[in-house]
Every structure is written in structure tokens, then in C-alpha cells.
Visitor: 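Below is the structure I would like to discuss, written out as C-alpha cells.
FYI, side chains are in, hydrogens and waters are out, and symmetry mates aren't considered; it's all heavy atoms of this structure. None of these values were measured; they are calculated from a predicted model.
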Amino acid sequence: MRCENSKYMENSRAALVAALCLAVVLSGCKPSSDFNDDTARGSIEFSPMKLEGEQVTLTDSQIQCGVQSELWDPPTTLSPDHTTAHLTSKARDLKFNDDVIIRDPNSRVAYVQVRGDFPLQVDSIVSTKDGEDRSSKLVEARVGIKIDNPCFQGPLPMMGVRRGNFNADAPVVFHLHFDESIGWRVDKLVH
């Protein structure tokens with residue numbers, strides 16, 4: 001009996017020593033300040049981002065599905081070069097914020113404004129530049145927002161800003177900041 005107890009005590013001590021060693025090793029781990037495209041992607045997709053009046057593009061089939069699902073009214077032509085669709089409360093519940101712009105002289109694609117917290121999906125990283133100091137980066141990326149609705153099977157592409165105007169061809173610019181305790185995180189969109 002005494003032999004079994006001593007083996008148990010040895011195994012317990014060995015497990016305790018191993019656990020303490022692991023704790024010491026892990027306590028020394030800090031987020032890495034290394035930065036690459038995977039780091040940028042992970043930071044952008046990490047958690048839903050609060051968007052205030054950003055614009056996302058819509059396809060013709062998404063517009064038609066939105067009409068059939070009563071997310072917005074059928075399109076109304078206001079002038080030869082301007083067509084819109086008025087949002088319903090169902091669309092506002094999905095965080096769409098302003099009427100769908102189907103035809104507009106300033107855009108080649110249909111779009112709608114969104115406001116609220118949205119999960120983002122990075123399609124591609126276009127470029128990465130150093131920010132104002134060593135702990136910041138500017139990342140240009142093609143991203144989409146995810147909306148849980150059958151009309152929007154994939155992410156809706158966000159429009160970037162070029163020369164002060166939303167543009168479907170411009171990537172979205174994110175400002176990322178490195179924090180010693182949490183690593184790289186997006187702190188704002190740059191327009």
C-alpha cells in the first residue's frame with residue numbers, strides 16, 4: 001500500500017511541476033507585433049465592427065429578392081438617371097439605413113447604406129502601409145459585411161472612399177493599432 005501511495009505522490013508532484021512550468025511559459029507569452037496579411041485579415045474579421053453610414057453594393061438579384069421579401073418597395077424612377085427603392089421596417093431591422101439607390105449618375109452599381117455592428121469578411125488585402133508610428137498600420141482591403149438573410153447568401157461588398165466619395169472600385173482603408181495586451185486590432189475606418 002505504501003508503494004502505491006508513493007507512486008501516486010510522485011505522479012501528482014510531476015503533474016504539478018509540469019503545470020507550473022506550463023504556467024510560467026504561458027505567462028511570458030505576449031501578443032506578437034509581427035504583421036502580415038494573415039494578421040491584418042484576422043484583426044479585421046476578429047469581431048463585428050460598428051459601421052456608421054457605410055455603403056454596400058447590391059446585385060440585381062438581391063434587389064429583386066429584397067422586393068419579394070418586402071425589405072424595400074419596388075423601384076421608383078425619380079428621373080431618367082435616378083432610381084431608388086424605399087426601405088421597409090424589415091430592412092431597417094437588418095440595419096439598412098437609407099433607401100436603396102439603384103441608378104445614380106455618381107455610381108455604376110446599386111448600393112444601400114448600413115448602420116450598426118456587422119461581422120466583416122476579407123476578400124483580399126490590397127496593401128499594407130506603416131501608420132503614424134511603429135504601433136499602427138493602414139490596411140487597404142476588399143471586404144464585405146455579413147447579413148443573416150436569405151437574400152444575401154454571401155457578404156455584401158463595402159464601398160471604399162476615393163476623393164471624398166464612396167466608390168465601388170476603391171478598397172476600404174482600416175487603421176490598425178498594436179496593443180501589448182491584445183495584439184493588433186482595428187480602431188477605425190479611414191475616409
Visitor: Could you walk me through whether L58 and L156 satisfy the side-chain contact (heavy atoms from CB on, under 4.5 Å) test, starting with their C-alpha distance in whole Å, then the side-chain angles of each, then the deciding distance to 0.1 Å, before giving a yes or no?
Guide: CA-CA 7 Å; L58 298 170; L156 298 178; 4.0 Å; yes
Visitor: Under 6.0 Å from the CG atom of D148, do we count more than 12 heavy atoms belonging to anything else shown?
Guide: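 It does not: D148 CG has 12 such atoms or fewer within range.
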Visitor: For residues D187 and H177, is any side-chain donor paired with an opposing acceptor at under 3.5 Å?
Guide: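 No, no side-chain donor-acceptor pair sits under 3.5 Å.
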Visitor: Judged by atom type as modelled, is there a donor-acceptor pair below 3.5 Å linking the side chain of R92 to the main-chain atoms of N97?
Guide: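 Confirmed, R92 side chain pairs with N97 backbone.
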Visitor: Please enumerate all residues that pass salt bridge (Lys or Arg N to Asp or Glu O under 4.0 Å) together with R162, with sequence neighbours excluded.
Guide: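 With sequence neighbours excluded, R162 shows a salt bridge (Lys or Arg N to Asp or Glu O under 4.0 Å) to no residue whatsoever.
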Visitor: Under a 4.5 Å cut-off applied to non-hydrogen side-chain atoms, are L138 and F174 in contact?
Guide: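 Contact flag for L138/F174 side chains = no.
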Visitor: Tell me, please, which residues at least two apart from T39 pass side chain to side chain donor-acceptor pair (under 3.5 Å).
Guide: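 Per chain and number, T39 pairs via side chain to side chain donor-acceptor pair (under 3.5 Å) with N36.
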Visitor: Quick one: do the Q113 and D98 side chains pair a donor with an acceptor below 3.5 Å?
Guide: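 Side chains of Q113 and D98: no pair found under 3.5 Å.
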Visitor: Evaluate L78 against T83 for side-chain contact (heavy atoms from CB on, under 4.5 Å), listing each step before the verdict.
Guide: CA-CA 6 Å; L78 304 175; T83 303; over 6 Å; no
Visitor: In terms of side-chain heavy atoms, does D104 have a donor or acceptor partner in S107 at a distance below 3.5 Å?
Guide: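 On atom types as modelled, these side chains do not qualify, holding no pair under 3.5 Å.
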Visitor: When hydrophobic residues are tied together by side-chain contacts of less than 4.5 Å, even through go-betweens, does L120 share a cluster with Y111?
Guide: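 Looking at the clustering, Y111 is in a separate group from L120.
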Visitor: Would you check if Q121 and I44 make a side-chain contact, meaning some heavy-atom pair closer than 4.5 Å?
Guide: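 No, too far: nothing below the 4.5 Å cut-off.
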Visitor: Please say whether the positively charged group of K146, taken as NZ for Lys or CZ for Arg, lies over the ring of F118, i.e. under 6.0 angstrom from the six-membered ring centre and within 45 degrees of the axis.
Guide: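 Pair K146/F118 does not count as cation-pi.
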Visitor: Stepwise, does the side-chain contact (heavy atoms from CB on, under 4.5 Å) test hold for T57 with M159?
Guide: CA-CA 7 Å; T57 63; M159 297 172 76; 3.7 Å; yes
Visitor: Can you list every pair that meets disulfide bond (SG atoms under 2.5 Å apart) and has a residue in residues 35-129, with sequence neighbours left out?
Guide: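 Of all non-adjacent pairs touching residues 35-129, those that pass disulfide bond (SG atoms under 2.5 Å apart) are C65-C151.
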Visitor: Check K137 against D130 and note the closest heavy-atom contact, atom names and distance.
Guide: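 Heavy atoms only, the tightest pair is NZ-OD1, 2.6 Å.
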Visitor: With no hydrogens and no angle check, just 3.5 Å: does a side-chain donor-acceptor pair link E140 and S127?
Guide: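 Short answer, yes.
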Visitor: For the side chain of E45 and the backbone of G42, is there at least one donor-acceptor N/O pair under 3.5 Å apart?
Guide: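 Side chain of E45 to backbone of G42: no pair is present.
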Visitor: Could you go through V112 and I101, starting from their C-alpha distance and side-chain angles, then the distance that decides it, and tell me whether this counts as side-chain contact (heavy atoms from CB on, under 4.5 Å)?
Guide: CA-CA 6 Å; V112 64; I101 305 299; over 6 Å; no
Visitor: Surrounding CG of D60 (heavy atoms of other residues, nucleotides or ligands, distance under 6.0 Å), is the total greater than 12?
Guide: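 No, because the 6.0 Å sphere around CG of D60 holds 12 heavy atoms or fewer from other groups.
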Visitor: Step through it carefully: locate the ring centre of W184, locate the ring centre of F46, and say whether they are under 6.0 Å apart.
Guide: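 No - the distance between ring centres of W184 and F46 does not fall below the 6.0 Å cut-off.
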